[in-house]
Every structure is written in C-alpha cells, then in structure tokens.
Amino acid sequence: MPALFNDLRYALRMLAKRPRTTLVAIFTLALAIGLNTSIFSAVYASLLRPLPFSEPDELMIVLESQPDIERLAVPYPNYLDYKAENTSFETLGAMSVAGMTVTGLGNPEHLLVELHSHDLLPAFGVEPALGRAFLPEEDAPSGARAVLLQHSFWTRRFASDPDVVGQKLTIDSNEWTIVGVMPEGFKTLFPCELLIPLGTRAAEPLFRDRAARPEVYLIGRLKDGVSEAQARADLLAISDGLAQRFPEEHGASRPLLRPLQEELAEPLRGGLLLLLAAVTCVLLIAASNVANLMLERAMTRQKEMLVRAALGSGRWRLIRQLLVESVLLAMIGGAAGLLLALWGVDLLVAMGPRTLGGLSGPLTINGPVLLYTLVVALGTGLLFGLWPALYASRQDLSQALKESDHHASAGASRLRARGLLVVGEVALAVALLIVAVLSIRGLNQAHQVELGFEPQRLLMAGLSATPVPDAPPATAMQFWDEALRNVLAIPGVEAAGWSATAPLVTDQLEQFLPPGVEASPENMRSAITYLVSPGFIETLDVPLLAGRTFGSQDVAGTTPGLIVDQEFADAFFPDQNPIGQRVRDKLSGLPSVEIIGVVGHVRQAGADAPEKIPYQMYYAFAQLPETSQQQVRLIFIHMVVRFTGSIEDIIEPLRSAVAAADPTQPVFALGPYSDHVDRSLMARRSIGGLLGLFAALALVLAVIGLSAVMGNVVVQRTHELGVRIALGAQPRAVVGLVIRQGMTLVGAGIAIGMLGAYALSRTIATLMPGSVDETDLMSYLAVALALGVFGLAATYLPARRATRVDPMVALRQG
Amino acid sequence: MRPASAEPPPLIRLTGLSKVFRTDELETLAVADVHLEIPRGHYVCIAGPSGSGKTTLLSLLGLLDTASAGTYLLDGETVTGLSASARARTRCERIGFVFQSFNLIGDLTVSENVELPLTYRAMPTAERRRRVAAALERVGMSHRARHLPSQLSGGQQQRVAVARAVAGEPALLLADEPTGNLDSKNGDAVMELLRELHRAGTTIVMVTHNPDYARHAERTIHLFDGRVIEEDARARAV
C-alpha cells in the first residue's frame, strides 16, 4: 500500500508538472466520458432500468398476430377466454384506451382515458396513493361508474385536494365517482389522465365482437416457477381451442407473448444502441489522443525508466507507476465528465425522443450510471495507459550506462506505435462520420418522400367520438357533419372533411378476402381502413386515379362503396379495371362491396418507416350499417381543413364553428398537419442530430490527434530533416516528405473506416429499417474526401515547420 | 591448496564471460572470454580505450545485460541465466550504481531519489528514512534533502547519486566514469567519497579514463577489444 501511495503521489506531481498537457487530456476525457455517461443514462433508463413495478421480470404483455401482421390488439372476448383458461398467470389483466370529454371543471377537456380491468393494478403491484383500486363489481357493464385520477390531473384540476375521493366527475356527460388518485409518476402504456374500469365497455358491440380489436392489451404476472415458454404454450393451446370454436372470427390469429419491459423498450432500442456505439467511438478516439500524449510523455521519461530499472525496479513496477498516472488522469477526467453529464442529460432530454426513459421516469445520474462512469473511466485509463506503459517499460538496460538517449530504433517504433493510434482514430472518425451522413441523408430523403397527400396548409382538429353518450353513431355523426358545414363556411377554408382515422396520426385495420381465393381465415388480409366523410380525400389532396371519391350522394341508407389505394388495385387487379370489381369484406354488411374508386397510396406508418400494411381502403362512414359503425373503434374524429392565408386566421373561427354545432364539445389536438409529419420523424431527427454532433466531435478530436502526432514526427525527425536540408533538400521536398508520411496514415484510416462504416450501417439498417442506405457511395466518397482535406490541413502545418529546421542546430542535436 | 572453507569465495568470479552483439550482417565480440575474480572489499578499476568493452563488462557485472557465454558468480551464487525479475531483485539488494551522468530523476527530490531503490524492496518506511538520512549524511548532502536535482551543481548531483548507490548497503558498488561530467575539483571530491566507502569495506568496480583516478584503485584491469590484456595490482592499498 505505501508503495502504491508513493506511486499516486508521484503521479499527481507528474500531472501537476505539465498543467497544459494534463488539462488538455482531462478536458478530452471529460468530454468523451461525459457523453458516454449521458447516453448511458438514457440507455439505462429506457432499456435496462427495471420497470417501476414489483418484480417487473414477471410482467408479460400479450398481443396477437396474424399471418400478414405481427402485433395486434386482442379482441375483448378472447381476453376473457385467455384469462379464464390459462394456468400460467397469477393475474391476467387488460387495458385499453379511449378519448373522453370531461366537463364541469371549466372548459370542456378531451382526455385520453385508460380503461383497466379491476385486476390490472394488482398485476402491476401498484396501489392508488389515495383511495382504492377498482372493485370487481365496478368492472362490469352495469357497474357503478368509478374513476381513478392520475396524480397530474389531480394536481392540475383539483389542486391536490386530499378530500377528492368520493367527489363526482362528469365524463362524456355521465357522472363518475372518484375512488382514488394514482401515485405520482404512475404510467403504463398511454399518456392518460384518467382510469376507468374496462368492463364498463364490455356490453358495447365493439367489445362483444370476437373479430374486432378495440385496442385491448393484456398484461399479466406469471406464476412462480412458470417460464415464458410455458406461458406461451399455454396461451397457444387456448388460441387453438378458440380457432376451432370460432374459425371465422379467430381465424389464423395467434397469441404473442413478450416480457413487458422488452416490448416497451423496442422502439428506442436501435437508436439508443447506435448512439452508444457512436459515443464509444468518440471515447476511443479521445483515448487514442490521450494515449498519444501519454506515449509521448512516457518516451520523454525513457531515461528515468532506464534508471529506475537499473536501480532494481521490476517491469511490473514500472508499468504500475505509469498506469497509476493514466488511471488517475482518467478518474479526474471521469469526475469532470460526470459534471458534464449532468448538463448532457438535460441536453439529451431536450434533443432526444420524447419517449426516452420509458415508464421508468426521467433520465438521472443514479447508482448504476455512476458505476458505469467509474468502469468507463477505469477502463479508459487502462486502455490509454497500458500501451504506453508496456512500451516505455520495455527497456534495454544495457543502454543505462550509455550517455546518449537518441536511439534510432526506439524512435522508429515509437512513431509506428503512434501511427497505429492515428490510423485507428481516423478510421473511427470516418466510420462515425459516414454513418452520421448516411443517417442525415436518410432523414432528408424521408422529408422528401412522397407522403401521398399534401400536409402543407392543412390543419387537423380532434372532435369527440362520443358527443352524445350512449347514443348511436348516427347521432354523433350529426354533430360531426354540422361542425363540418360550419367550418366549410369559414372564409379562407378551401376544403374540409372528417375521418375516424388519419394518415400518420391513428390507424385502424380491417380484413378483406382477396379476389379469387378460397374463403378461409388464413387467406384473409388486412388493410389500413379510413372511415370518412365526403370531402376527406379531396381535403388531403390524395390523387384520384380512377372512378370517383365519396360525394354528397353517399349518405346513410345507400349501398356502401369502397375506394381502394393503388397498391391494393395493383396487387389484386393487375390487368383489369378495378372499378366495378367486388371485394369480400366485413364492414359493408354485404356479401361483397363494389370498388367505386382508386386513389393514391398515403404514408400511414411514418414518413420514414416501412409500411407494414401495404393496402388501404376507404369507406363512407355514413353508408356503413349501424352494426358496423358500432364495431369500429373511435377514439376521436379527425377533422381536416385545407386553408388559404394564415393558420391563425382559421383556428379561432374553427373553434367557434364547432361550438356553434355543440357548445359543450371540446376541440383538441388542433394544429398544422405538418406537426404530425415532423412528429413521425422526431426520433430519427433527434438521433440524426446527436449522431451528427458526435461525428463532428470525433472529427475534431481525430484532426487534433493527427496534427499532434505529425508535429511530433517533425520533432523526432529534426536531425534527419536537418541532414536532408544540409544536403540541399528543397523546402517543397521536405514538406512532401512529412505530408506523405501523414497522408499514408490518413489514407489507411480512411480505408479501414469505410469498411467499418459499411459494416456498421448494415447493422443499423437491420436495427432501424429504412433509416440508412448503406450502399450510398456518394456519402462514403464525400466523407473520405473531407477527411482527406482535413488530414492534409493537419499535416501541412507541421510540414511547414519542418522546412524551418536549422540544419546546424539539428546536426548538433544529433 | 587450502580447503574452500578456509577462505570466503570472491565477491565476483567470472569464468570465460563473453558478450556478442549480433546484427543482420555483423557479429561484434564486445567482451571476450574474461576470467576474473574480485574479492570482497577490493577496489578495482577497469581501464581501456573507447570501444574496448569497459561499459559492456560493467553492464554484465551490474546484471544490466546478460552474457552470451561463460558464468558469473556473485557472492558464490550463479547469476548468469537469471530471469529479468530475479536480476532486478539482485540489483536492488546487492548492487549500487553510480552513473557518469548522475541519472537522478528530475521530478523527485534529493531524498526521494536516494530512497528510490529502497522503495523497490519490502522495507518499512521508518527504516528507509533512516537509511536515506544516513546516506545523505555520509555524502554531506543532508541540508539539500528537499531540493530537486536541478537546483544542485554537478558535483552535488553526483554526491547524491553516490548516496543513492550506497543507501541500500550493497555488496558491490559499480561506478561508470563517475567523474566524467565533473570538473577536477568536484571529480576529486567524488573520488575521495569513493575512497571513504572503500575504506569502510565497500567493494567497488569503477570504469574510468582518468589515469590519476585509476590509481585510487588497488587493481586496474586493462581491456582491449573486449579482452583483459593486463592487470596492475598495487600493493599500496588505499
């Protein structure tokens, strides 16, 4: 211990002796370690931190899949069967989501409401902070109307009133009794503000239909000793039974069981791992720079090492001495990095995807993140210290008694070692830059992608799906239509329409049987389905390719017609006119529905995301039979408005127009449609932005490293350059000599980096389909060229210095 | 012949010791078939022209280098063929060095420099400090214990280097041109210091070009082309 203490004391003295070098090293390390800590805090919070529920590993989510689509909500009757028949779950609860309007607390407010089965909170292992959870009898169609408030809603609308339990709340014109308040920060799948029992909806046709999927997700806690595979087999057996009993409805559906944490982390996993890889590259480049500094420092102390060895120090002792210095440096850098990370986390929250942290709450520098920083700092210290330490401790002791400390072989191998570090740095910077450029180009392409509709000068407003509680949809439609007529009368409004779902905002799937195939569950296909008013397609500016769109003649009581998109028409009627063709579907209430129009395909999943469901269908909502209208899931109605002039001139008149139809109805989610396009790109944009930032940093660090090494090359070769100049070498030849040496390293780094970038971008393309084009040669060449130019600049200045070597001074040094 | 037990073994016994440096094209015999015995307490000078192998022989004696052939017995123990770490241990415990260019470590104070070889031994801190104080006292540098080498004159630095060499109470003190970088006044002072150490019983092997200083030794070994060509033994012990 005393010896280690001596090493530490000496190390501190050595660091203090060269304050400028030490500060540069600490700053470089702090920056790289700080970035790593910040990104790891996001990785930990989003992917690794256990969910804030008791024994979260036992929590599973159950979805369903069909042959052509992987993740589907579960029909409510199926949930009841899974729940009743399974032997694997201690508790199997269910949840759904709905849009509901709260009145009686000032302005009407449309909110997202989570619908929970009464056993869901026990499955999570969570109890309300105030009051109680739902009772089984409340989780039924005839149950007393009980509501749980989210903590934020309780604070916002009830001023944290401790006596709120027992008070009434008007939701969709009905009185609900507040039975409790959830703990602060409680969150599951949706950003909701209220919770009501799921069973209150069980009598609705949508929830009674085994073929309908009203966004019900099952969440269960496995029994002790039951594995994921056993539970999966258990659910599959139940599903097979359902397929036999309900071949038409259940069809080819299969249960899909996944750990809840895995499922929630899925959307962020690829991007976060990419960012972690990027900051690791930055760290490696920074570590290489510091290794260069340490190598240089170790070399200047070669005589000291020789003396120490001559006086009896073993090699390990020499290595330890140098490692203590590098680890100390890294630890100081790590501590400074931690301070930077506090700011970095805020930056990440500001720049990163909004879902960062998932259910686990905000990003923080907590115990595991601190441990990560410690390990990274320690590892970095060993990484950049070990090579110089090994190198400097490899002593030829027979030199100890010799006077000169100029050893040609040592100089050459030192330059080789540093050259390798530079090649590595350039390679990492090139790889990271190429990936960043590919990612940013991918983002730009996503911006330029044909959405299939025109989002500019288009706004969207949300209207309640249930303006008149417990009334049939036709009654609600009267309100939507009247609001639409009023909106159309606003000066500056060119067109308007409404739909149950809208591109990039919400979606709904319906099944159909492709023409010419035998009717069987396996042959059914799904299509994105829009239930619209006349004018919706025109307002979006979706091109009409054949036939007609819906018009004022397509009212209730007329025969439903179907409009399909081009993908649908091309896939199923490739050599025929699709107009007049018939398709077997479920919604029209007819044996088959006639295609009356073909329109262009609109992007549904996102401007950049691959379309998992290729086909699209449009129905006029008014034409659907009432049973179908009741079987579709309506969270809210999307009114779209195309306008001229300024959006500000439309917003208030639009609110008034809706109020004129029904003053009790809120207008929500009001804003430019382009916001939804931007939102669909937000995660990619944040990741692309951060990646670009890290790549720029990597470039700067690599150029600094290259410049430092080339400067040292000139110093190392002063004697040789002096001889050359004395022998008559022209300045141009000396510059060329140094630049050639530097550019050889840069060239090798670029070549290796390009290969690395290809491998990395292929991985990214797998993790985040559609985000990068790994074969975009232009990006590779542009980055290679840029690095070449920067490399040339970094080597040119030392090369110019080389021409100023005084041959007499240089020769005397030799 | 006297029985072996009657006389202690010499401190150094070299038998046919050779050192060959090999490059791609050339083999250089730096030390050739040296047979040599140095009894404990002797003061030996190695002399010879440049390139005669003096420093190489000193390196071999100091276990800084390994022989190509022959055997080296230090205090009766074979030290040829020792591993690098065993050689480091032997150097640390039994051999002290005085270099021509002092080789003090610039970032350590005088007392830390003297303490340095002792830190490579498992020695209690108090004992280390006692020895450092004694060694500095011996060379008259106690008053400069907290100074850095750069604050000392060349002669003072070499005295500190001598203190460092003797602090560990080595069986053998090797000095390579100890006065080579000093003026005559400081050179004389350092030689006087070595003479005092020898009087106190230290075995010294010194390389020097200076015939005056060579005369301080009891015995001079002349090398030429790596071979011992002549030995002078002076009856007058110093």
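Side-chain atoms are counted along with the backbone in the values below, which use heavy atoms only and exclude waters and symmetry mates. Computed from a prediction, not measured in an experiment: that's the story for all the values here. In what follows, every chain begins at residue 1, and chains take the letters A, B, ... in the order their sequences are listed.
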Query raised in the report: How far does CD1 of B:I204 sit from NE2 of B:H42, to the nearest 0.5 angstrom?
Result: 12.5 Å
**Report entry** Which portion of B:R87 sits near chain A, non-hydrogen atoms under 4.5 angstrom
**Finding:** neither
**Report entry** Residue B:Q151 excluded, over 12 heavy atoms near CD under 6.0 Å
**Finding:** yes
Query raised in the report: Which bit of B:E112 is near chain A, if near means a heavy-atom gap under 4.5 Å: side chain, backbone, both or neither?
Result: side chain
Query raised in the report: Among A:K17, A:R13, A:M14, who wins on heavy-atom pairs under 4.5 Å with chain B?
Result: A:R13
Query raised in the report: Is it the backbone or the side chain of B:T119 that comes under 4.5 Å from a heavy atom of chain A, or both, or neither?
Result: both
Query raised in the report: So do the side chains of B:R164 and B:F102 get within less than 4.5 Å of each other, counting heavy atoms only?
Result: no
Query raised in the report: Should B:K54 and B:D176 count as an ion pair when the cut-off is N to O under 4.0 Å?
Result: no
Report task. Would you tell me whether B:R91 and B:Y120 have side-chain atoms, one donor and one acceptor, within less than 3.5 Å of each other? Result -> no
**Report entry** Heavy-atom contact with chain A under 4.5 Å, split by part of B:L60
**Finding:** neither
